[in-house]
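Atoms considered below: every heavy atom in the structure, side chains included; atoms not considered: hydrogens, waters and symmetry mates.
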Amino acid sequence: MSEPPSTGSHDAMPVDTGEKPKLSPDIMNALRQLQTALQFSPTPSPTQADGQEDAAVKQDPTPPPQYEWDRLRSQLREKPVDADGWLKLVDLAEDSGDIEKIKNTYEGMLETYPNTPSVQIAYLRHSLDDPSQFNQAEALFRRFLLRTTPSVELLKFYLTYIRRVTTGPNAREVIQKCYDFALGHIGQDEDSFEIWQEYINFLKDGETNTTWEEQQKMDAVRKAYRHAVQIPMENVKKLWEEYQEFENGLNRITVKKLISDLQEAHMQARTVLNQLQEHRTVLFPPPSPRGNRPAIWLPRLPTFNEGDKAIVQRWRRYLKWEESNPLEIEEKDRATFLQRVQSVYRKAVVRMRYYSEIWYMAYAWTISIGKTDEAIALLKSGIEANPSSFVLNFAYAEALELQPNFAEVHATYERFLEVLRKDLEATEERVNAANSSNNALSSQNSHKTNPNVMNITPNASQSQSHPPAQNSSFASQGSDDKPPKSKELIDKRTDYGIVYIMYMRFGRRAEGLKSARNVFGKARRDRWTPWAVYEAAALSEYHCGNKDVQVASRIFEKGMETFGEEVEFVLRYLGFLLSINDENNARALFERVIGTFSADKARPLWDRWARYVYQYGDLAAAHKLEKHMAEVYSNDTPMKRFAERHKYLNIDAIAVRDLGFVLGRQSSRGTGSGNLLQTETLQSHLTPTAKDTPPLAPSSSKRAAYPEHRRREDSRTEYPSKRQRPTSPVRERDRDWREGRDGPRGRRHNSPMWERDRERDAPPRRSFKEEREEDKGVVLPSALSWFIGTLPTASSFDGPVFRTDDLMQVFCKAVIPSTTAGRARSPPSATRPGGRPPPDYGPYQGIGSGRRGRW
């Protein structure tokens, strides 16, 4: 580098005395000090300068390719479940050609995704490319084939390797044993056709020296054929044809009976194959290609979107279908049926590794056939894949409790709580970081919008000597140590408490009440314990501890110190005191806490205490309570409180008989009230009258919503009536029809012929009794009531509303194109006097043309 230019002399600086101001003395002194410091620093030589420039060029912010593998491997150690990251790491390792990196990569993948066939085969290929690595390949084969259930792809690869390396006089015997091993594991698989075909050809190629050996070979081939043609696999029809040729070549006399005995089972296999392919097409999609390298498929974490839910449903349907024995395997061949279903479930837990439901289905089926050890091993593997799964941890704890293995149950619950605790802490950090960033952003926005909040000066000491007064309250809010309330955090904390509750249940069942108390002692020291744990512990002491009310009450009071602001906990405490008939303490609790909550939050407490007073108190106490409630909830009508006082559970005769409510006889959670479907009478009680309602602002873009009760009345009419405008006069014909709808059905005087024909062809009118039956409430199922409640109201519709008459005119006058030659439209006939004009099916002539009838 060249020496920096001198900044102290005036000759080295351009002088402009006319336009630019001169430098101040302070700046000139600073420049002189800088020049003095540079004079005493060593000046680099030209060679040193070139070297420093080269070093600067070599320092690239992007890491070199040889270090990218290390960086990505470190990331995957922290977050191992990352399919895209592993695939990229494999590409980097294979591109480098370093066998150690390749082994490290595949070993890490198999730790995260064990029993994945594509990963196992890709790993084995690197060992089989070099004959010096065959020992490593055999070790991998033993590890993959003996410790786990192998897949079809892995066994194909294994048989190819065995045929390649096996030589000597005992080669055929070794190869046949390998084929027997492979078919014993995956012989019922749909993709096992190639192995069956190779095995049959291997048997046919066997050399024989005597007639007895030839007969033994033919019997082995026949046995293989007869077994294979009953399996629903690809190209089973081709095997059937080969088997027929094989039997015809041996003995044409016995072939007919042999074929007829097996034909029914073969046709059943072909039928099941068609059904099986419908399932597997969706469940086993082909992996994405990777160029010249073998494709690798890795399971991914679920997001439980519509696609994930659909694939889980398809898997559930497929597994239940396999359990139903579609091949109709007889009881004597039950081992074959169990082998088939077991192989299907092991495929399922590999493909759906991060779906706990599939693991539990595999466990439930395995334990149903009496294989308890294998079922527990499945649960253990499922927990390794899904450590935060509630269903798998609870099932594993119950299975160990039945053995019994209480020490392992304690360890299971402790590990599960630790996993959930870490997740809660990570969620809290994320929520706090998001809140702090939002607060900082809002603070910056407030400073930008209100510049008078803080005086910004160039001197830092001056700004500190004049702190802003308006920001003192904001600073006090930010210093609050309480964690922010987040819905995600609250939900996870509630789920966390379920584990402690199940842990206490186990301790009480297996080791007694003392063990449950020890677990509750741990929960009390845990900052993440929710209020439900205190309630569960108190109720357990009351119901299982000789009705010990004092211990239960002390637990509730201890919970009030931490959860006194939780309305749900206070409500449960109040309900407990009322359930044990401790009215004095219940009243004291109600009066103590009711003033600490706002009116909206305290409503469940008022309602719960009111129900108790209405049922078991005197009338004066009920009136006094209603007076206090009227002061708190001034918008409640006297009729509402009166009706609540004369209701029991969800039986409300006043609402049904006197107010016109439609009461759904459905018990709601936590309360005894039913669901009320509001009618017009209900609207008149709960909404202001028409004269109190302010007029709606005129809108040119949206039409007013059509009233719902008008729609119901129109749907009950026998004929589609025209929707009238508010200012349209009632036609005489419509008035006559409305007046005579309940009278005897007869021909009206002076009615035209076409109208009488329409009356004759019309359906019979319903009686007044039938219409009254329709006005009665209909009891809907709970699922349907919930679905209707989630639908938006009719008033929320803001789309266009079309007039029926206008649409009918457009439809009737529309020209329907025809493929035949041009057909002349028939001329309109003359209008018949005194009757309705006939329909005109001619082309639409535009607005104002033609007749304006309803047709």
Side-chain angles (χ1 to χ4, degrees), residues 117 121 150-160 162-163 172 175-176 178-208 214-286 318 321-322 325-330 333 336-337 339-341 343-344 347:
I121 294 173
S151 62
V152 177
E153 297 82 0
L154 181 60
L155 285 172
K156 288 179 184 178
F157 201 73
Y158 170 67
L159 292 172
T160 303
I162 290 297
R163 291 195 304 267
R172 285 192 60 84
I175 294 174
Q176 184 168 355
C178 293
Y179 272 114
D180 293 338
F181 171 81
L183 294 175
H185 283 87
I186 50 86
Q188 292 289 326
D189 198 278
E190 180 196 8
D191 300 326
S192 62
F193 168 75
E194 294 183 9
I195 297 180
W196 278 107
Q197 185 74 66
E198 293 174 359
Y199 179 54
I200 293 172
N201 294 334
F202 172 78
L203 293 177
K204 288 181 180 181
D205 295 339
E207 297 180 358
T208 57
E214 183 68 20
Q215 186 62 36
Q216 291 294 320
K217 185 179 75 170
M218 293 300 104
D219 291 343
V221 174
R222 178 183 289 113
K223 181 180 178 181
Y225 266 127
R226 293 180 68 86
H227 194 177
V229 296
Q230 301 181 59
I231 300 172
M233 58 183 174
E234 294 287 346
N235 298 323
V236 68
K237 182 179 179 182
K238 179 181 178 182
L239 282 178
W240 176 254
E241 294 172 354
E242 293 180 1
Y243 174 58
Q244 288 178 326
E245 293 178 1
F246 171 76
E247 292 292 354
N248 285 322
L250 293 179
N251 191 343
R252 291 183 177 273
I253 298 176
T254 60
V255 63
K256 186 174 181 180
K257 185 179 185 306
L258 292 173
I259 295 299
S260 61
D261 293 344
L262 201 59
Q263 188 169 8
E264 183 179 356
H266 170 69
M267 296 306 297
Q268 180 70 17
R270 289 170 62 174
T271 303
V272 172
L273 176 62
N274 295 331
Q275 302 173 5
L276 183 61
Q277 288 175 341
E278 294 179 1
H279 289 287
R280 289 173 58 90
T281 302
V282 180
L283 301 180
F284 294 89
Y318 169 55
W321 177 76
E322 287 285 359
N325 191 12
L327 286 173
E328 299 178 2
I329 300 175
E330 298 179 359
D333 298 327
T336 302
F337 167 70
Q339 175 197 348
R340 176 179 180 82
V341 180
S343 64
V344 169
K347 276 187 179 181

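Applying the side chain to side chain donor-acceptor pair (under 3.5 Å) criterion to Glu214, with sequence neighbours excluded, gives Thr208. Not counting sequence neighbours, the partners of Tyr225 by the ring-ring contact (aromatic ring centres under 6.0 Å, His included) test are Tyr243, Phe246.
In this structure, Leu327 and Thr336 have side chains that are not in contact, with every pair of non-hydrogen atoms separated by 4.5 Å or more.
Using a 4.0 Å cut-off between a side-chain N of Lys or Arg and a carboxylate O of Asp or Glu, Lys257 and Asp261 qualify as a salt bridge. Using a cut-off of 4.0 Å between Lys/Arg side-chain N and Asp/Glu carboxylate O, Arg222 and Glu247 are scored as salt-bridged.
What you find for Lys238 and Phe193 is that their closest heavy atoms are CD-CZ, 4.2 Å. Between Arg226 and Leu258 the shortest heavy-atom distance is NH1-O, 3.5 Å. Here the shortest heavy-atom pairing between Ser192 and Met233 reads OG-SD, 3.7 Å.
Remark: side-chain polar atoms of Glu322 are not paired, donor with acceptor, to backbone N or O of Tyr318 under 3.5 angstrom. Between the side chain of Glu278 and the backbone N or O of Leu273, no donor-acceptor pair lies under 3.5 Å. No donor-acceptor pair closer than 3.5 Å links the side chain of Asp333 to the backbone N or O of Ile329. When atom types are taken as modelled, the side chain of Arg172 and the backbone of Leu203 share no donor-acceptor pair closer than 3.5 angstrom. Between the side chain of Asn325 and the main chain of Glu328, a donor-acceptor pair closer than 3.5 Å is present.
Ring geometry for His227 versus Trp196: interplanar angle over 60°, hence perpendicular rather than tilted (30 to 60°).
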Report task. Determine, step by step, whether Ile175 and Leu159 satisfy the side chain to side chain contact (heavy atoms under 4.5 Å, CB included) criterion, reporting the C-alpha distance in whole Å, the side-chain angles of both residues, the deciding distance to 0.1 Å, and the verdict. Result -> CA-CA 8 Å; Ile175 294 174; Leu159 292 172; over 6 Å; no

Report task. With side chain to side chain contact (heavy atoms under 4.5 Å, CB included) as the test, would you mind laying out the steps for Asp189 and Lys347 before giving the verdict? Result -> CA-CA 10 Å; Asp189 198 278; Lys347 276 187 179 181; 2.3 Å; yes

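Results of the side-chain contact (heavy atoms from CB on, under 4.5 Å) test with Pro232 over Arg340, Gln275, Arg270 single out Arg340 as the only residue that passes.
Around the NZ atom of Lys204, the shell of radius 6.0 Å holds more than 12 heavy atoms that belong to other residues, nucleotides or ligands. For CD of Glu264, the number of neighbouring non-hydrogen atoms (other residues, nucleotides, ligands) closer than 6.0 Å is 12 at most.
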